[in-house]
Undergrad: 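One structure is given below, represented as structure tokens, and several questions about it will come after.
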There are 2 protein chains.
Amino acid sequence: MSDAQQKYNVENAKSQMRKGFLEFPVLLIIGAKVTYAPDILKQLKEANLLVVEGTLYPLLSRLKRFGLVEYQWQESKSGPPRKMYSITDQGKAVLKQLEASWKSLDSSVNTLIKHYEKSN
Amino acid sequence: MSDAQQKYNVENAKSQMRKGFLEFPVLLIIGAKVTYAPDILKQLKEANLLVVEGTLYPLLSRLKRFGLVEYQWQESKSGPPRKMYSITDQGKAVLKQLEASWKSLDSSVNTLIKHYEKSN
DNA sequence: ATAAGGTACTTTGTAATGCAAGGTACTGTA
DNA sequence: TACAGTACCTTGCATTACAAAGTACCTTAT
């Protein structure tokens with residue numbers, strides 16, 4: 001029956017909330033310091049933006065493909081070589097735009113929250 | 001060749017930034033006042049959260065299917081009848097969780113922005 | 001040497017969602 | 001009766017997060 005009520009999954013909502021959004025924090029992280037995937041994962045985790053490998057690696061390839069980041073191989077003392085990512089000038093330009101979009105989104109949502117709270 | 005650089009589309013990024021996210025503002029709007037689709041579209045537009053019909057109607061069906069909103073038909077003086085949506089108790093409960101997720105996301109991102117700015 | 005464990009990077013298939021485009025139907029007015 | 005405006009809905013596509021599994025390199029212990 002199409003009327004049957006389904007159970008709403010908040011975890012899925014959180015995941016969806018990050019959809020298409022992660023490029024921004026990842027660019028911020030790379031923009032702040034040359035770094036590599038496992039460290040980016042760690043920083044995202046510390047920021048409560050949990051992400052898994054299967055999400056991050058394709059995302060980095062995408063950023064590279066768009067010329068927003070670049071990388072250089074670097075040897076490690078404790079394992080295989082690492083792809084050290086750094087932001088490009090193009091990446092910095094896009095980052096500015098994403099930051100503007102974020103601020104707009106941020107203020108829009110916070111306004112809606114205030115309206116909602118005022119009505120209750 | 002797979003190395004060819006593609007053009008980054010900021011508009012697409014904005015759209016993706018809203019992906020999976022829209023349930024939250026729509027619930028906020030319905031939670032603040034009983035309303036119907038075209039008015040929700042108008043409010044989203046005023047909040048700079050541009051959305052089109054093809055996005056909103058399936059979203060409303062979804063919220064209904066999950067029992068987060070309900071509707072009643074209401075006749076209009078200027079056209080066909082309207083589905084007037086209101087939030088349910090379940091919807092209010094979910095809204096609380098989404099608000100918590102949003103605040104966490106908000107503070108995480110703003111922290112990353114600060115780190116980025118400090119490093120430049 | 002070789003095995004085992006850790007580190008790093010990658011790929012495949014699935015589910016979810018925004019969007020463009022097109023469609024249906026009701027209402028009032030010329 | 002035609003037309004324009006309003007409201008609701010559906011289909012197909014592109015994108016992206018995630019789980020899961022895989023490849024490869026390096027160090028350490030046996």
Side-chain angles (χ1 to χ4, degrees), chain A residues 2 6-27 35-42 44-45 49-66 69 71-85 98 101 105, chain B residues 2 6-27 35-42 44-45 49-66 69 71-85 98 101 105:
Chain A
S2 63
Q6 294 177 20
K7 183 150 181 275
Y8 186 81
N9 183 344
V10 177
E11 289 312 311
N12 175 54
K14 286 189 194 173
S15 163
Q16 290 294 331
M17 222 183 222
R18 287 195 299 271
K19 198 153 226 164
F21 177 80
L22 284 169
E23 289 180 4
F24 180 40
V26 169
L27 269 184
T35 184
Y36 68 115
D39 182 56
I40 296 173
L41 284 172
K42 186 168 153 256
L44 289 172
K45 190 174 182 181
L49 294 169
L50 293 188
V51 177
V52 294
E53 284 187 324
T55 298
L56 182 61
Y57 282 105
L59 195 163
L60 290 171
S61 300
R62 222 156 56 225
L63 295 178
K64 168 81 165 62
R65 192 165 63 247
F66 285 116
V69 302
Y71 65 78
Q72 285 195 309
W73 284 102
Q74 185 175 95
E75 295 190 1
S76 161
K77 289 177 181 168
S78 59
R82 302 166 173 173
K83 280 188 175 176
M84 300 301 291
Y85 284 90
L98 292 181
S101 295
L105 184 68
Chain B
S2 63
Q6 295 177 21
K7 184 152 180 272
Y8 187 81
N9 183 344
V10 178
E11 289 312 310
N12 175 55
K14 286 189 195 173
S15 164
Q16 289 295 332
M17 226 184 217
R18 288 194 297 271
K19 197 153 226 163
F21 178 79
L22 285 168
E23 288 180 4
F24 180 41
V26 169
L27 269 183
T35 184
Y36 69 115
D39 181 56
I40 296 173
L41 284 172
K42 186 166 154 259
L44 289 171
K45 190 174 181 179
L49 295 169
L50 292 188
V51 177
V52 294
E53 285 187 326
T55 297
L56 183 60
Y57 281 106
L59 195 162
L60 289 172
S61 301
R62 221 156 56 225
L63 295 178
K64 168 82 165 62
R65 192 164 64 246
F66 285 116
V69 302
Y71 64 78
Q72 285 196 309
W73 284 102
Q74 186 175 94
E75 295 191 2
S76 161
K77 288 177 181 167
S78 58
R82 300 166 173 173
K83 277 189 176 176
M84 301 300 291
Y85 284 90
L98 293 181
S101 295
L105 185 68

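Naming convention: chains lettered A, B, ... in sequence-line order (proteins, then strands); numbering from 1 in each chain.
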Undergrad: Nearest heavy atom decides the nucleotide; on that basis, is A/Y85 or B/K77 closer to the 5' end of DNA chain C?
TA: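 The answer here is A/Y85.
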Undergrad: How many whole angstroms separate atom CZ of A/F24 from atom C1' of D/dT16?
TA: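 It works out to 18 Å between those atoms.
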Undergrad: Over how many whole Å does the gap from B/D39 atom CG to D/dC8 atom C1' extend?
TA: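 Whole-Å distance recorded here is 15 Å.
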Undergrad: Just checking, B/K83 and B/Y36: is the charged tip under 6.0 Å from the six-membered ring centre and within 45° of the axis?
TA: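 B/K83 over B/Y36 ring: no.
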Undergrad: Between C/dG6, C/dC26, D/dA7, spot the one nearest the side chain of B/P38, thanks.
TA: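 Comparing C/dG6, C/dC26, D/dA7 against the side chain of B/P38, the answer is D/dA7.
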Undergrad: Starting at atom CG of B/L41, determine the distance to atom P of D/dC8, rounded to an integer number of angstrom.
TA: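 B/L41 atom CG is separated from D/dC8 atom P by 10 Å.
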Undergrad: Check the distance between D/dT27's P and A/R82's CZ and give it to me in whole angstrom.
TA: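 Answer to the nearest Å: 12 Å.
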Undergrad: Counting only side-chain heavy atoms from C-beta out, which of D/dA7, C/dA8, D/dA17 sits nearest to A/L59?
TA: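 For the A/L59 side chain, the nearest candidate turns out to be D/dA17.
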Undergrad: Which nucleotide wins on minimum distance to the side chain of A/Q16, given the candidates D/dC8, C/dG18, C/dT17?
TA: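 Nearest nucleotide to the side chain: C/dT17.
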Undergrad: Round to the nearest Å and state the distance from A/K19 atom NZ to C/dG18 atom P.
TA: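 From A/K19 NZ to C/dG18 P: 10 Å.
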Undergrad: Counting only side-chain nitrogens and oxygens, does A/R18 get under 4.0 Å of the OP1 or OP2 atom of D/dC18?
TA: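 Yes, A/R18 has a side-chain N/O under 4.0 Å of OP1/OP2 on D/dC18.
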Undergrad: Any carboxylate oxygen within less than 4.0 angstrom of a Lys/Arg side-chain nitrogen, looking at B/R82 and B/E75?
TA: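 No, this pair does not count.
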Undergrad: What is the separation between atom CD1 on A/I40 and atom P on C/dC9, rounded to the nearest whole Å?
TA: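 It is 9 Å, rounded to the nearest whole Å.
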Undergrad: Identify which nucleotide among D/dA7, D/dC25, D/dC9 has an atom closest to any side-chain atom of B/K83, counting heavy atoms from C-beta outward.
TA: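 The nucleotide sitting nearest to the side chain is D/dC9.
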Undergrad: Please compare A/S76 and A/V51 by the position of their nearest nucleotide in DNA chain D and report the one closer to 5'.
TA: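 So the residue in question is A/V51.
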Undergrad: For the CG atom of A/L50 and the NZ atom of A/K14, what is their distance to the nearest 0.5 Å?
TA: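 Result: 9.0 Å between the selected atoms.
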Undergrad: Nearest to the side chain of A/E53 - D/dA7, D/dT16, C/dC9?
TA: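 Given the options D/dA7, D/dT16, C/dC9, the side chain of A/E53 is closest to C/dC9.
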Undergrad: Between C/dC9, D/dC8, D/dT16, which one does the side chain of A/E23 approach most closely?
TA: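 Within the option list, the nearest is D/dT16.
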Undergrad: Quick one: are A/R62 and A/R65 in side-chain contact, heavy atoms under 4.5 Å?
TA: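 Side-chain contact under 4.5 Å: yes.
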Undergrad: Please determine whether a side-chain nitrogen or oxygen atom of B/S15 lies at a distance below 4.0 Å from atom OP1 or OP2 of C/dG18.
TA: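 So the side chain of B/S15 is outside the cut-off, no N or O lying under 4.0 Å from OP1 or OP2 of C/dG18.
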Undergrad: Between C/dC9, C/dT11, D/dT10, which nucleotide has the shortest distance from any of its atoms to the side chain of B/Y57?
TA: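 Of the candidates, D/dT10 comes closest.
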Undergrad: Would you indicate, yes or no, if D/dC9 has its OP1 or OP2 atom less than 4.0 angstrom from a side-chain nitrogen or oxygen of B/R62?
TA: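 It does not, given that no N or O in the side chain of B/R62 lies less than 4.0 Å from OP1 or OP2 of D/dC9.
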Undergrad: So what does B/G20 touch, heavy atoms closer than 4.0 Å: a base, only the sugar-phosphate, or nothing?
TA: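 Sugar-phosphate contact only.
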Undergrad: By the definition side chain to side chain contact (heavy atoms under 4.5 Å, CB included), identify the one residue from B/L22, B/L59, B/L63 that meets it with B/L27.
TA: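 Per the side chain to side chain contact (heavy atoms under 4.5 Å, CB included) rule, the option paired with B/L27 is B/L63, out of B/L22, B/L59, B/L63.
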Undergrad: Do B/V51 and B/I40 touch side chain to side chain, with heavy atoms closer than 4.5 Å?
TA: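 B/V51 vs B/I40: side chains apart.
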Undergrad: Just the rounded figure in Å: distance from P of D/dA19 to CG of A/L50.
TA: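 It works out to 10 Å between those atoms.
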Undergrad: Could you check which of D/dT16, C/dT17, C/dA20 has an atom nearest any side-chain atom of B/N12?
TA: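 Minimum distance to the B/N12 side chain belongs to D/dT16.
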Undergrad: Here's a test of your reading of the structure: between B/S78 and A/L22, which maps to the more 5' nucleotide of DNA chain D?
TA: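 Closer to the 5' end of DNA chain D: B/S78.
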Undergrad: Mind calculating the distance between CD (B/E11) and P (D/dT15) to the nearest angstrom?
TA: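 Rounded to whole Å, this separation is 15 Å.
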